[in-house]
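Have a look at the structure below, then the notes.
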Protein chains: 2
Amino acid sequence: MSAASTPERPAGGRREELLAIAARLFAERGFKNTTVRDIADAAGILSGSLYHHFDSKESMVDELLDTFQRELWKEYDAITGSDLSPRAKLEAVVRASFDAIDHHHSEVAIFQNDASYLIGFERFGYLEERNVRFRRLWTGLLEAGVEAGELRADLDVELVYRFLRDTVWVAVRWYRPGGELSPSQVADQYLTILLEGIAKTDG
Amino acid sequence: MSAASTPERPAGGRREELLAIAARLFAERGFKNTTVRDIADAAGILSGSLYHHFDSKESMVDELLDTFQRELWKEYDAITGSDLSPRAKLEAVVRASFDAIDHHHSEVAIFQNDASYLIGFERFGYLEERNVRFRRLWTGLLEAGVEAGELRADLDVELVYRFLRDTVWVAVRWYRPGGELSPSQVADQYLTILLEGIAKTDG
DNA sequence: GTCTATAGTATGATAGAC
DNA sequence: GTCTATCATACTATAGAC
């Protein structure tokens, strides 16, 4: 989206700094509830100055979501292209997703809270495309897992997919990076529940 | 919240009609993204006329959420007060929740999408209280289930509670009342996944 | 119960000086 | 890269006529 001109420092120049501030505010309050003045205030400048760096408020959230989704899909593609078993791939995708919640918390939160609103604009059509790809990824893995005899055959794949997708991403609402639980620990517990259930089966 | 003056018809008078329209729009677009003009337009009147029925836009969403939560808690209290086993109570609470998604779809959607924003106003402090009650309900049932030997003891109750809570309510994002799946069917599948898992355990 | 008319404010964005 | 100043618009809400 931008040709990194002079990458002198980690997290780049002023533009990336402002983008990070906007990300935090969008994630905390929602896109619509965050004004350009809020962002400027948090950055210690006036709202008009923001427009030296960005075309519009929409451009900011666009860049945030697009960058994040590209990175995430690189990881997903590496997993699906590997030679792991369907069940192992499914576990890897879950773990990669919880890692994303940890490392790109704001972006995930924005996507969770505001995607349904943003998707209404042509500019954000790519979000819909990614949703379709995401659905294919999960249902493909679930079907392959059933076929391989690794997963139960009596469940509605479409429905399991929705539970899976939602449960993974909705964790962004309570997960706090740097808190007590690592993304790996959360993924462990989640995969145990998902795969084995919470009922006591043996004595 | 209001003394039903002349209940002549199902769903009452004009006030309830307008409230239902507002609920639909709030649920579809979000509270902040829905203007009083949108609501008035959908009702075929002008925005100023809405203020004959309601103090403010906030009053509308307040009445919607408060009414809904009162009704929901009546059901929860009946379940917890029953003599069912912990696991059966847990199942009943899950079923009651999916029923709520079916029967009060807009209200659940509004709560899911906008509660975190609304909770910032003192007026909506009761939402925070209900969240606390909700947490106690779930964790209490989970702990009782473990103690009764019905649920696995090796899981983090706090974490299971979050997954449970989120997975149940987030279904409002895809569930459509009157669609192919009944709330009971969704609850069946969900409880199977939650209790038994999706992995194939035996031949 | 709805309309006309409008107040008061907040918002996204722009132009040009520094 | 930021500030000053400001425009145009959209929003919630009100007062009083019908």
Side-chain angles (χ1 to χ4, degrees), chain A residues 2-9 11-23 25-26 28-65 110 114 117-118 120-124, chain B residues 2-9 11-23 25-26 28-65 110 114 117-118 120-124:
Chain A
S2 69
S5 38
T6 330
E8 308 174 351
R9 288 214 154 265
R14 187 69 169 136
R15 181 190 177 82
E16 277 63 36
E17 220 168 273
L18 295 170
L19 213 45
I21 291 169
L25 293 176
F26 290 155
E28 280 172 8
R29 316 178 182 181
F31 176 71
K32 192 83 179 213
N33 292 324
T34 304
T35 72
V36 292
R37 281 176 179 80
D38 289 336
I39 301 168
D41 282 355
I45 60 178
L46 290 183
S47 64
S49 307
L50 273 179
Y51 290 84
H52 174 72
H53 304 275
F54 304 96
D55 282 348
S56 65
K57 191 176 132 181
E58 269 184 25
S59 295
M60 295 188 217
V61 78
D62 190 2
E63 191 167 332
L64 285 167
L65 291 180
I110 296 167
D114 295 308
Y117 167 71
L118 295 171
F121 303 86
E122 312 90 64
R123 168 170 209 167
F124 295 94
Chain B
S2 71
S5 40
T6 327
E8 309 176 349
R9 289 214 153 262
R14 187 70 167 135
R15 181 189 177 82
E16 277 66 33
E17 220 168 276
L18 295 170
L19 211 46
I21 291 169
L25 293 176
F26 289 155
E28 280 172 9
R29 316 178 181 180
F31 177 71
K32 192 83 179 213
N33 293 324
T34 305
T35 71
V36 291
R37 279 179 180 79
D38 290 335
I39 301 168
D41 282 355
I45 59 178
L46 290 184
S47 65
S49 306
L50 273 179
Y51 290 84
H52 174 71
H53 304 275
F54 304 97
D55 281 348
S56 66
K57 192 176 130 180
E58 269 184 25
S59 295
M60 294 187 219
V61 78
D62 189 3
E63 190 167 332
L64 285 167
L65 291 179
I110 296 166
D114 295 308
Y117 167 71
L118 295 172
F121 304 86
E122 314 90 63
R123 169 170 208 167
F124 294 94

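Just so it is clear: chains get the letters A, B, ... in the order the sequence lines come, proteins before strands, and each one is counted from 1. Just so you know, these numbers come straight off a predicted model, no measurement behind them.
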Of the nucleotides C:dA13, D:dC3, C:dC3, which one has an atom closest to the side chain of A:L46?
D:dC3
Considering every strand and a 4.0 Å limit on heavy-atom distances, what is the contact class for B:S59: base, sugar-phosphate, or nothing?
nothing
Specify the separation, in whole Å, of atom CZ of A:F54 and atom P of D:dG1.
11 Å
Identify, residue by residue, the members of residues 35-42 of chain B with a heavy atom below 4.0 Å from DNA chain D, and return them in order of residue number, or none.
B:T35, B:V36, B:R37
When every non-hydrogen atom of B:S56 is compared with those of B:R123, the smallest separation belongs to OG-NH1, 3.9 Å
Is there a side-chain contact between A:Y51 and the phosphate of C:dT14, meaning an N or O under 4.0 Å from OP1 or OP2?
no
Could you list the protein-to-nucleotides 15-18 of chain C atom pairs, N/O on both sides, closer than 3.5 Å?
none

Rounded to whole Å, CG of B:L25 lies from P of D:dT12 at a distance of 12 Å
Could you go through B:H52 and B:I45, starting from their C-alpha distance and side-chain angles, then the distance that decides it, and tell me whether this counts as side chain to side chain contact (heavy atoms under 4.5 Å, CB included)?
CA-CA 12 Å; B:H52 174 71; B:I45 59 178; over 6 Å; no
Assign each of A:N33 and B:G44 to its nearest nucleotide of DNA chain C by heavy atoms, then name whichever residue's nucleotide is nearer the 5' end.
B:G44
For residues 30-37 of chain A, please give each side-chain donor-acceptor pair under 3.5 Å, one per line with the distance, not counting sequence neighbours.
from  : atom 1 : to     : atom 2 : distance (Å)
A:K32 : NZ     : A:Y117 : OH     : 3.3
A:N33 : OD1    : B:K32  : NZ     : 3.4
A:N33 : ND2    : A:R29  : O      : 3.0
A:T34 : OG1    : A:L25  : O      : 3.2
A:T34 : OG1    : A:G30  : O      : 2.7
A:T35 : OG1    : A:R37  : N      : 3.3
A:T35 : OG1    : A:D38  : N      : 2.9
A:T35 : OG1    : A:D38  : OD1    : 3.4
A:T35 : OG1    : A:D38  : OD2    : 3.3

Could you tell me how far apart A:R15 (CZ) and D:dT2 (P) are, to the nearest whole angstrom?
13 Å
Can you tell me the distance, in whole Å, between the CG atom of A:D55 and the P atom of C:dT14?
8 Å
Specify the separation, in whole Å, of atom CZ of B:R29 and atom P of D:dA10.
15 Å
Locate the shortest heavy-atom distance separating B:A42 from B:I21; write the atom from each residue and the value.
CB-CG2, 3.6 Å
Do A:R15 and A:E63 pass the side chain to side chain contact (heavy atoms under 4.5 Å, CB included) test, and can you show the C-alpha distance, the side-chain angles, and the key distance before you say yes or no?
CA-CA 11 Å; A:R15 181 190 177 82; A:E63 191 167 332; 2.5 Å; yes
Spacing of B:I45 atom CD1 relative to C:dG1 atom P, expressed in whole Å:
10 Å
Run A:V61 and A:D114 through side chain to side chain contact (heavy atoms under 4.5 Å, CB included) and show every step you take.
CA-CA 10 Å; A:V61 78; A:D114 295 308; over 6 Å; no
Taking all atoms of both residues into account, what is the closest heavy-atom pair of B:L50 and B:A40, and its distance?
CD1-N, 4.0 Å
Taking the nucleotide of DNA chain D with the nearest heavy atom to each, does A:H52 or A:S47 sit closer to the 5' end?
A:H52
D:dT14, C:dA13, D:dG1: which one has an atom nearest the side-chain heavy atoms of A:S56?
C:dA13
Closest heavy-atom pair, A:K57 versus A:F26, reported as atoms and distance to 0.1 Å, is CG-CZ, 4.1 Å
Walk me through it: do A:L18 and A:I39 pass the test side chain to side chain contact (heavy atoms under 4.5 Å, CB included)?
CA-CA 8 Å; A:L18 295 170; A:I39 301 168; 5.7 Å; no
